[in-house]
Amino acid sequence: MNRKYIPEEVELKWEEYWAKAGLFNCDVSDKNKFYCLEMFPYPSGRIHMGHVRNYAIGDVIARYKRMRGYNVLHPMGWDAFGLPAENAAIKEGTHPAKWTYDNIAYMKKQLVRLGLSYDWRREITTCAPEYYKWNQWFFLRMLERGLAYRKSSFVNWCPSCATVLANEQVIDGRCWRCDSVVVQKELEQWFLKITEYEEELLQATGGLKGWPENVILMQKNWLGKSEGLEAFFKIEGSDDPVLIFTTRADTLYGATFVCLAPGHPLAEKLVEDRAALEKIKEHYGKLDEKHGLFTGHYAINPANGGRIPVYIANFVLMEYGTGAIMSVPAHDQRDYEFAQKYNLPIRTVIRPEEGPAPPERAFEEDGVLVDSGSFSGMKSAVARTEIAKLLESKGIGKRVVNYRLRDWGISRQRYWGTPIPVIYCEKCGVVPVPEKDLPVILPEDVKLTGKGGSPLAETGSFVKTACPKCGGPARRETDTMDTFMDSSWYFIRYCSKKDEDALDRENVKYFMSVDQYVGGVEHAVLHLLYSRFFTRVVRDLGITDVSEPFTNLLTQGMVCMETYKCPEHGWLYPSQVKEGRCELCGSPVEKGRTEKMSKSKRNIIDPDHLITRYGADTARLFSLFAAPPERDLEWNEKGVEGAYRFIQRLWTLVHANLEKLNSVKGSPEGVTPLIRKTHQTIKRVTRDIEKDYHFNTAIAAMMELVNMTGAFEPKAEAEWREMRFALEELLLLLSPFCPHAAEELWQAMGNESSIQSIPWPGYNEEAAREEEVELVVQVNGKVRARLMVPQGLPDEELKRRAMNEPKVLELTSGKKIRNTFTVRGRLVNIVIA
RNA sequence: GCGAGAGUGGCGGAACUGGCAGACGCGCUGGACUUAGGAUCCAGUGGGGAAACCUGUAGGGGUUCAAAUCCCCUCUCUCGCACCA
């Protein structure tokens, strides 16, 4: 009996079955839970291959853990606020809400079509008031605790779009949308005090055992802890001293000038030439040449009383340290360059412990102090402490710890985001919206011009309100929240179903934290750091006991593909290449390098096409087979066909033998080669999943078993039982990877219940062990013979047999045997003179 | 510049604690079946050589009975940070 494999038929059938049966619904129970989460997508329109890969990885884990008996929470939702919806609205005239919800509807269908095992009852959409209400609620709690505050600061401003850009929207100093040069602009904004948790966030990285090293490192770098000294330098003719920060107190005697950031308050006081100061400000924060402006004032080096000039310098950052530095050109390359340009003295105070100092540049390493008064002769490390102590005792210095991390600016001059729940009253000032009035609904009737400024500010009905305190006229905050706020706690929202309290303690307690988080490494810092911060705030609000949101993190690599370029028409889609020539003009196509799939390079494969042609199981299988998850994956059409062929071979194997297979029942007896291979396969697949989720090798193992089963020609009834055993175990192993085909074949083989309800197969160590092993015989480390020997022979016997090999006898005759080594009963190395 | 990771057949990738390099898949070659095949099946496939054998994991050196794996140097690529004082 042969039946053709028609993926669509099989897959739709089972997707419908799973949905009806509610197989993936998960509720609080007394079973052990496993929270498996993939980063939720931005509803941009359609899913791309990166999603397919991300969600295939997560789904295998979820399905595997379910078979292992865990109560698996596996939810999905939509990161639905953000600029693209607003851009589309401006360009096409559709409302952001409609655009977003239409996209969600389409993408949800795509995800269902991939056979992903989500509990859709828990689906969240961040642009829905019932979700963003809680953003506002958290904001108010933070406001109460002083964790949310308002301050004026420099932000990235795109003059052409007339809006603030997030750091990540500035690419090489330019706007990601219109390519204009981004400038720094001072604006009053809302901030969240992530710095309150900086030390805890840093310390806790030590406990992130399930995170990739590189992500931990990136987090540490981002936090950027450094220990140093803050010291006051007096300024001649001024009552205000300048406070500088340095990590190199040992170089204090070498400080020959002082630099202030252009935005430093003292800069305004000391500089008379306003125009010159403005000019320096224009160069602030840019990686071009160093620019300085002499203030005309001198500071006193507290170490040696030296009179040193005070400069304004574009390269000194206001946001880091104190916004002022002591400059030591002999031992800091930046100061060195500045000193060269402005002809300032260079004073060497550190010598290398060995060898000469480098010529024509600063010596930045630790060394031994010279020309440093009583500190001369000390090593840098010691001198740092001693000099700091001296300044401390004089009351003009303090040892401090500095972080690179800055507070998180969350105000956005955009429409499509969560309204910040604050009201400004002329009499009462800043008044939080009372909790009973939440959510502050984002009005639908808004003009989106793209001309910039906050669209809400133009919406009178939204802005005008009454002060909750005094009832007088007041206006609402018109900025909205950074969308990273939405994603900083969505994993907590999933713990409760739609109609339940978002912060139900019992739910949160049972499900948090996320046992396995899967997503792209591009969020290594931002989203993951914000989430770690937010979870601690939630903890301190008494809602959860956990501090870390994600116990284990898997960062999957990018999906890449070859690029094609026509000399005439530029980048081509793969479908536009016909026999190596451009479809449009017939010129030969240049093969470009393999790069991350992107619309701009046109090296993309549409998941819809892929699924129509090969089915979801093939799409999943190839995504998982072509590379281990953490590495980049190179998309390859031929490879996809290979995956398809594998499923088809298995399909044919089952169907061609169905009658016989279904006529035998019961377990096979004894350990035959096929039974052994089956046990070995279970062992390998289990190990590969457990250890690092290396699905590619797990799939390879299953392919081997299929190959062996295909070559097996059963005759006796016992042999048919063997084959049935091999195939059934295989289907169980395959079911997390290719769930549709596994279900269908499982059912075809006469099983009543869904394969989803069968536990993960176990293996017998004894049955998995080979009876015979191939003994490799080396002479002087080179393989000279191979022979089959029974498992478990003593070393002496192995050596004896090895020595008797003709080839070995030939090579060793008349030679003295110096030594022999035996390795785990599998290899003998004979060392001769 | 600093930090991290990676370089293995024609390609994607395997190789558990140093112990048979190249599992599995793609491609390629030959064959079978076919009106045909870009379907399916079988066999072969790192390079050199008729063979014995030699050689081979970016390049060079070292440790070891034994190195893709450990150590040192060099090169290349990817990613992250980048005037953080």
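Residue numbers begin at 1 in each chain, while the letters A, B, ... track the order of the sequences. When reading the values below, keep in mind they use all heavy atoms of this one structure, side chains included, and skip hydrogens, waters and symmetry mates.
- Proximity note for A/V823 (side chain, C-beta onward) versus B/G19, B/A4, B/G12: the nearest is B/G19.
- Nucleic acid contact class of A/R631 (heavy atoms, under 4.0 Å, all strands): sugar-phosphate only.
- Straight-line distance between the C1' atoms of B/G22 and B/G9: roughly 7 Å, to the nearest whole Å.
- Within 4.0 Å of A/V316, counting heavy atoms only, lies at least one base atom of the nucleic acid.
- Counting non-hydrogen atoms under 4.0 angstrom, A/R784 reaches the backbone sugars and phosphates but no base.
- Nucleic acid contact class of A/N829 (heavy atoms, under 4.0 Å, all strands): base.
- Contacts of A/D335 with the nucleic acid, taken as non-hydrogen atoms under 4.0 Å apart, are absent.
- Residue A/K782 is in sugar-phosphate contact alone, with no base atom involved, counting any heavy-atom pair closer than 4.0 Å across all strands shown.
- Among the protein residues, A/G642 comes within range of the sugar-phosphate backbone only, with heavy atoms under 4.0 Å from sugar or phosphate atoms but none that close to a base.
- The separation of B/G5 from B/A58, taken at their C1' atoms, amounts to 16 Å, rounded to a whole angstrom.
- The same atom, C1', is picked in B/A68 and in B/U55; the two are 16 Å apart, to the nearest Å.
- As rounded to whole Å, 6 Å separates atom P of B/U40 from atom CZ of A/R645.
- Remark: A/N636 is not in phosphate contact with B/C11, judged by side-chain N or O atoms under 4.0 Å from OP1 or OP2.
- Residue A/K807 is classed as a sugar-phosphate contact, given heavy-atom separations below 4.0 Å to backbone atoms only.
- Atom pair A/M218:CE and B/U78:P shows a separation of 17 Å (rounding to whole Å applied).
- A straight line from CD of A/E704 to C1' of B/G25 spans 11 Å, rounded to a whole angstrom.
- Taking 3.5 Å as the limit, the base of B/C83 and the side chain of A/K290 contain a donor-acceptor pair of atoms between them.
- Taking side-chain N and O atoms only, A/N707 has a distance below 4.0 Å to OP1 or OP2 of B/G25.
- Across all strands, A/E774 comes closer than 4.0 Å to base atoms (heavy-atom distances).
- Atom P of nucleotide B/U17 and atom CG of A/L827 are separated by 17 Å, given to the nearest angstrom.
- Looking at heavy-atom distances under 4.0 Å, A/E641 makes no contact with the nucleic acid at all.
- If you measure from atom CD of A/E364 to atom C1' of B/C83, you get 11 Å, rounded to the nearest angstrom.
- The interatomic distance linking A/W635 (CH2) with B/C26 (C1') rounds to 14 Å, in whole Å.
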Only pairs under 3.5 Å count here: list side-chain donor-acceptor contacts from residues 705-712 of chain A, not counting sequence neighbours, and write none if there are none.
from: A/N707; atom 1: OD1; to: A/R649; atom 2: NH2; distance (Å): 2.7
from: A/N707; atom 1: ND2; to: A/M703; atom 2: O; distance (Å): 3.4
from: A/T709; atom 1: OG1; to: A/L705; atom 2: O; distance (Å): 2.6

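- The shortest distance between side-chain heavy atoms of A/K290 and A/N314 falls below 4.5 Å.
- Contacts of A/I325 with the nucleic acid, taken as non-hydrogen atoms under 4.0 Å apart, include base atoms.
- Residue-level contact check: A/V831 touches the backbone only, with heavy atoms under 4.0 Å from sugar-phosphate atoms and none from bases.
- For A/I216 and B/A4, the CD1 to C1' distance is 13 Å, given to the nearest whole Å.
- Side chain to side chain, A/T697 and A/D688 meet the donor-acceptor criterion of an N or O pair below 3.5 Å.
- Contact between the side-chain N/O atoms of A/K638 and the OP1/OP2 oxygens of B/G38 is not found at any separation under 4.0 Å.
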Point to revise | Nucleotide pairing, RNA chain B (Watson-Crick or G-U, distances under 3.5 Å), in dot-bracket with [ ] and | | key: (((((((..(((......[....)))((((((.......))))))(((....)))..(((((..]....))))))))))))....

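- When the side-chain nitrogen and oxygen atoms of A/R824 are compared with OP1 and OP2 of B/U17, none of them lie within a distance under 4.0 Å.
- If you measure from atom CG of A/L621 to atom P of B/C24, you get 16 Å, rounded to the nearest angstrom.
- Among the atoms of the strands shown, only primed sugar atoms or phosphate atoms (P, OP1, OP2) are found under 4.0 Å from some heavy atom of A/R649.
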